[in-house]
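Inspection log for the structure reproduced underneath, given as structure tokens.
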Amino acid sequence: MQELTGEITRFKKERKAVILAHFYQNPEIHEIADFVGDSLGLSQQAATTDAEVIVFCGVRFMAETASILSPDKIVVLPVAGAGCPMADMVDASQLEKRKQELPDATVVCYVNTTAEVKALSDVACTSANAVEVVESLPKDKSILFVPDKNLGRYVASRTGKQMTMWEGFCPTHHHLKREDVLQAKEQHPEALVLVHPECRPEVIELADVVSSTTGIINYAKQSKAQEFIVATEIGILHPLRKQCPDKKFYMASDKLICPNMKLTTLEAVHSALVNLEPRVEVPKEIRERAIVCLGRMLSNNNTQVDVRI
Ligand code: 13P
Ligand code: SF4
């Protein structure tokens, strides 16, 4: 393994590459990455890096976003088949049809969407800034939110906006039930409950803190509490334990695993750096439209953590 990580470092320099990794990646991928973050942080890195190559350790929509924001760079996704089932729950023709049915609606797309869907949307958001993005829209405007109905409902409850939800969800987070969290609370009565907004509303109701992955980590770091129940994908445990070595973290369920995020291996990263494949490129006509909605999101710099205690 040491030899492989050494080769990765060598090729990274040679290729003038940067390795970006989502928190849900395996721990060994965190360790070789230049930046590990949430979807918002990774988009910001992709938009501003001066590297010539971006190796994106995540899923396809993230690499596509990087390519839209940095069209002159080579973007590689080490495992071509690493997708996001939630992003695949809405495609361009379905969204076009829905827009015709709701001609006055502003389309807000979660960043977990294809480039084609972004090209048809008015503004993008991530879980870190969804509330602030929706709050920034004119009061009287109705909103079509795609594709995560759980995040959409959470945003509607925070903003009081009239929102129509797409029927999508993240299979990993949606799988978590209220009973799982209640059981974890029974086992760890002193622990605070940290919840990602892709969870069901009845799980969010049990949260002490609702936030994106970065917000969850930052909250745990500065909190006086010593124990936490974590209701998001298991990959977050590595940075939580690394950054808070004296605190205890318990998963709300052992099923909180995103299979697609776990596909990336050190071997795949090495091969991606050597061959500069598999590449992710967004066709110009899609990119030119998709960058408008991403640009609106990135110019809205507000993010807040929803603390309920
Ligand atoms: P964040 O990166 O915004 O926390 O979202 C989690 C996620 O599901 C990414 O696929
Ligand atoms: Fe998609 Fe959920 Fe996996 Fe994130 S955790 S990539 S939303 S399936």
Side-chain angles (χ1 to χ4, degrees), residues 20-26 29-30 33 35-46 56-66 77-79 81-90 108-114 117 124-133 145-152 154-155 166-176 194-200 203-204 207 209-220 230-240 251-253 255-264 294 297-298 300 302-306:
L20 305 182
H22 192 270
F23 286 125
Y24 297 164
Q25 292 285 295
N26 288 310
I29 303 298
H30 291 215
F35 179 85
V36 187
D38 69 355
S39 306
L40 180 62
L42 291 166
S43 314
Q44 288 162 336
Q45 290 290 322
F56 215 116
C57 301
V59 293
R60 178 160 293 267
F61 77 80
M62 296 178 173
E64 272 188 359
T65 300
L77 178 68
V79 179
C84 169
M86 168 156 65
D88 294 337
M89 288 179 190
V90 52
V108 180
C109 72
Y110 193 20
V111 76
N112 302 36
T113 42
T114 62
V117 165
C125 69
T126 77
S127 66
N129 60 17
V131 169
E132 291 75 14
V133 165
F145 191 89
V146 296
D148 187 355
K149 63 177 176 184
N150 289 332
L151 178 64
Y154 168 70
V155 172
W166 198 266
E167 273 300 309
F169 55 89
C170 161
T172 302
H173 288 86
H174 197 66
H175 201 273
L176 183 69
L194 310 175
V195 175
H196 195 280
E198 286 175 16
C199 290
R200 293 164 182 264
V203 167
I204 293 180
V209 175
V210 185
S211 185
S212 77
T213 44
T214 294
I216 285 177
I217 294 167
N218 289 342
Y219 183 81
V230 179
T232 188
E233 210 271 349
I234 193 165
I236 199 173
L237 281 186
H238 184 64
L240 278 172
M251 289 305 293
S253 156
K255 295 193 185 73
L256 280 161
I257 299 171
C258 172
N260 282 279
M261 283 285 186
K262 303 305 183 215
L263 292 173
T264 318
L294 282 169
M297 171 184 89
L298 290 174
N300 182 321
N302 294 327
T303 61
Q304 272 173 31
V305 176
D306 176 10

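Numbering of ligands and ligand atoms starts at 1, following listing order. Predicted model, so just to flag it, every value in this text is computed and none were measured.
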Please tabulate, one line per pair, the protein N or O atoms found under 3.5 Å from any N or O atom of ligand 1, giving the distance to one decimal.
unit_1   : atom_1 : unit_2 : atom_2 : d
ligand 1 : 2 (O)  : His22  : NE2    : 2.6
ligand 1 : 2 (O)  : Ser39  : N      : 2.8
ligand 1 : 2 (O)  : Ser39  : OG     : 2.9
ligand 1 : 3 (O)  : Ser127 : OG     : 2.6
ligand 1 : 4 (O)  : Ser127 : OG     : 3.4
ligand 1 : 4 (O)  : His196 : NE2    : 3.0
ligand 1 : 4 (O)  : Thr213 : N      : 3.0
ligand 1 : 4 (O)  : Thr213 : OG1    : 2.8
ligand 1 : 5 (O)  : His196 : NE2    : 3.2
ligand 1 : 8 (O)  : Glu198 : OE1    : 3.3
ligand 1 : 8 (O)  : Glu198 : OE2    : 2.9
ligand 1 : 10 (O) : Asn112 : ND2    : 3.4

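- Side-chain contact between Tyr110 and Ser39 is absent, with no heavy-atom pair separated by less than 4.5 Å.
- Between Phe23 and Thr214 the shortest side-chain heavy-atom distance falls below 4.5 Å.
- Ile257 has its side chain out of reach of Tyr24: every pair of non-hydrogen atoms, C-beta onward, lies at least 4.5 Å apart.
- Looking at Thr113, its side chain never comes within 3.5 Å of a backbone N or O of Cys109 through a donor-acceptor pair.
- For Glu132, the side chain to side chain contact (heavy atoms under 4.5 Å, CB included) partners at least two apart in sequence or on another chain are Asn129, Asn300, Asn302, Gln304.
- Side-chain contact between Met86 and Glu198: present, with at least one pair of heavy atoms (C-beta onward) separated by less than 4.5 Å.
- Residues Cys199 and His174 fail the side-chain proximity criterion, which asks for heavy atoms closer than 4.5 Å.
- Inside a sphere of radius 2.8 Å centred on atom 1 (Fe) of ligand 2, the protein N/O/S atoms present are Cys84 SG.
- Taking 4.5 Å as the limit, every side-chain heavy atom of Trp166 sits out of range of all side-chain heavy atoms of Asp148.
- Of all the atoms in ligand 2, the ones that sit under 4.0 Å from a non-hydrogen atom of Tyr24 are 5 (S).
- Using a 4.5 Å heavy-atom cutoff, the side chains of Val230 and Leu240 are in contact.
- Under the 4.0 angstrom criterion for non-hydrogen atoms, Glu198 is in contact with ligand 2.
- Checked against ring pair (Phe, Tyr, Trp, His ring centres under 6.0 Å), Tyr219 has no partners two or more places apart in sequence or in another chain.
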